[in-house]
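The structure under discussion appears below in the form of structure tokens.
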Amino acid sequence: MNVEERTAGEETGWVYSLSTPFLTRIPAEALKRIVERQDGVAAAIVEKYCDWVGSTAFLFHYSDIVCSRLTSIFDNGTPANKAIAFIALIQLGESHNRWYIMREMLRRCSPNALSKEIARRLTIEIKTAEVEYQFRRCVREVNWDVGLIAADIAKLCH
């Protein structure tokens, strides 16, 4: 693993020490193929990846690569995959104050991009994961038009 891909701080953590070499090297295309399997192994890898993203600090430029992997999971995944990838996108964008990531996350919650069922699911996940503040901060930070967000999710902005 390239030491410059992440910041210091979690060297002794179990997820960090065992998962980081695999998770930092897995390309978005490989994640897409894994997600398309839609089986238990794929679900476990996606969950581990999204948990890892939520608990790891990355250097500014590397966070964009992580974002592309999360959007691949979101764009190709099951409703459960979409939900955990969306939460990870919120956490990554907000924690790194990265406008590109915030915009990529917000593009995925437009009424045209989501079914009503998925929008409801994401709303519930945002509340359950307790990332409402982070979500609202992303919306404010990039001055996103709340009218471009699916109605159920947009309610969280008020």
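Every value quoted in this text rests on a predicted model; they were computed, and no experiment measured them. All values below come from the heavy atoms of this structure, side chains included, with hydrogens, waters and symmetry mates left out.
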[X] and [Y] ion-paired at < 4.0 Å:
X: Asp75; Y: Arg108; result: yes
X: Arg121; Y: Glu117; result: no
X: Arg107; Y: Glu104; result: yes

Pairwise distance [atom1]([X]) to [atom2]([Y]) - rounded to 0.5 angstrom:
X: Thr123; Y: Glu132; atom1: OG1; atom2: CD; value: 9.5 Å
X: Glu125; Y: Ile118; atom1: CD; atom2: CD1; value: 10.5 Å
X: Ile45; Y: Leu31; atom1: CD1; atom2: CG; value: 8.0 Å
X: Leu156; Y: Arg136; atom1: CG; atom2: CZ; value: 7.5 Å
X: Ile90; Y: Arg137; atom1: CD1; atom2: CZ; value: 13.0 Å
X: Met105; Y: Glu94; atom1: CE; atom2: CD; value: 9.5 Å

Please state whether the rings of Trp52 and Phe58 are parallel, tilted or perpendicular, taking 30° and 60° as the class boundaries.
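Plane angle over 60°, so perpendicular.
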Same hydrophobic cluster for [X] and [Y], using side-chain heavy-atom links shorter than 4.5 Å among ILVMFWY?
X: Tyr100; Y: Tyr62; result: yes
X: Met102; Y: Ile65; result: yes
X: Phe135; Y: Ile124; result: no
X: Ile26; Y: Leu70; result: yes
X: Trp99; Y: Val66; result: yes

Val131 and Gln91, any side-chain heavy atoms less than 4.5 Å apart: yes
Is there a side chain to side chain contact (heavy atoms under 4.5 Å, CB included) between His96 and Phe60? Walk through the geometry before answering.
CA-CA 7 Å; His96 288 71; Phe60 191 74; 5.7 Å; no
What's the verdict on side chain to side chain contact (heavy atoms under 4.5 Å, CB included) for Leu122 and Phe74, showing C-alpha distance, side-chain angles and the deciding distance? CA-CA 11 Å; Leu122 295 180; Phe74 185 93; 4.1 Å; yes
To check you understand the geometry: which heavy-atom pair defines the closest contact between [X] and [Y], and what is its length?
X: Ala150; Y: Pro111; value: N-CD, 3.7 Å
X: Ala129; Y: Ile87; value: CB-CG2, 3.9 Å
X: Val53; Y: Leu92; value: CG1-CB, 4.1 Å
X: Ile73; Y: Ala85; value: CG2-CB, 3.7 Å
X: Ile153; Y: Ala119; value: CG1-O, 3.6 Å
X: Val139; Y: Cys157; value: CG2-SG, 3.9 Å

request  = Say whether, by atom type as modelled, one donor and one acceptor occur between the side chain of Ser72 and the main chain of Ser68 under 3.5 angstrom.
outcome  =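 Here the side-chain-to-backbone pair does not exist.
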Just by distance, do the side chain of Asn81 and the backbone of Thr78 share a donor-acceptor pair under 3.5 Å? yes
Got more than 12 heavy atoms from elsewhere within 6.0 Å of CD, Glu130?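 Atom CD in Glu130 is not packed in, count stays at 12 or less.
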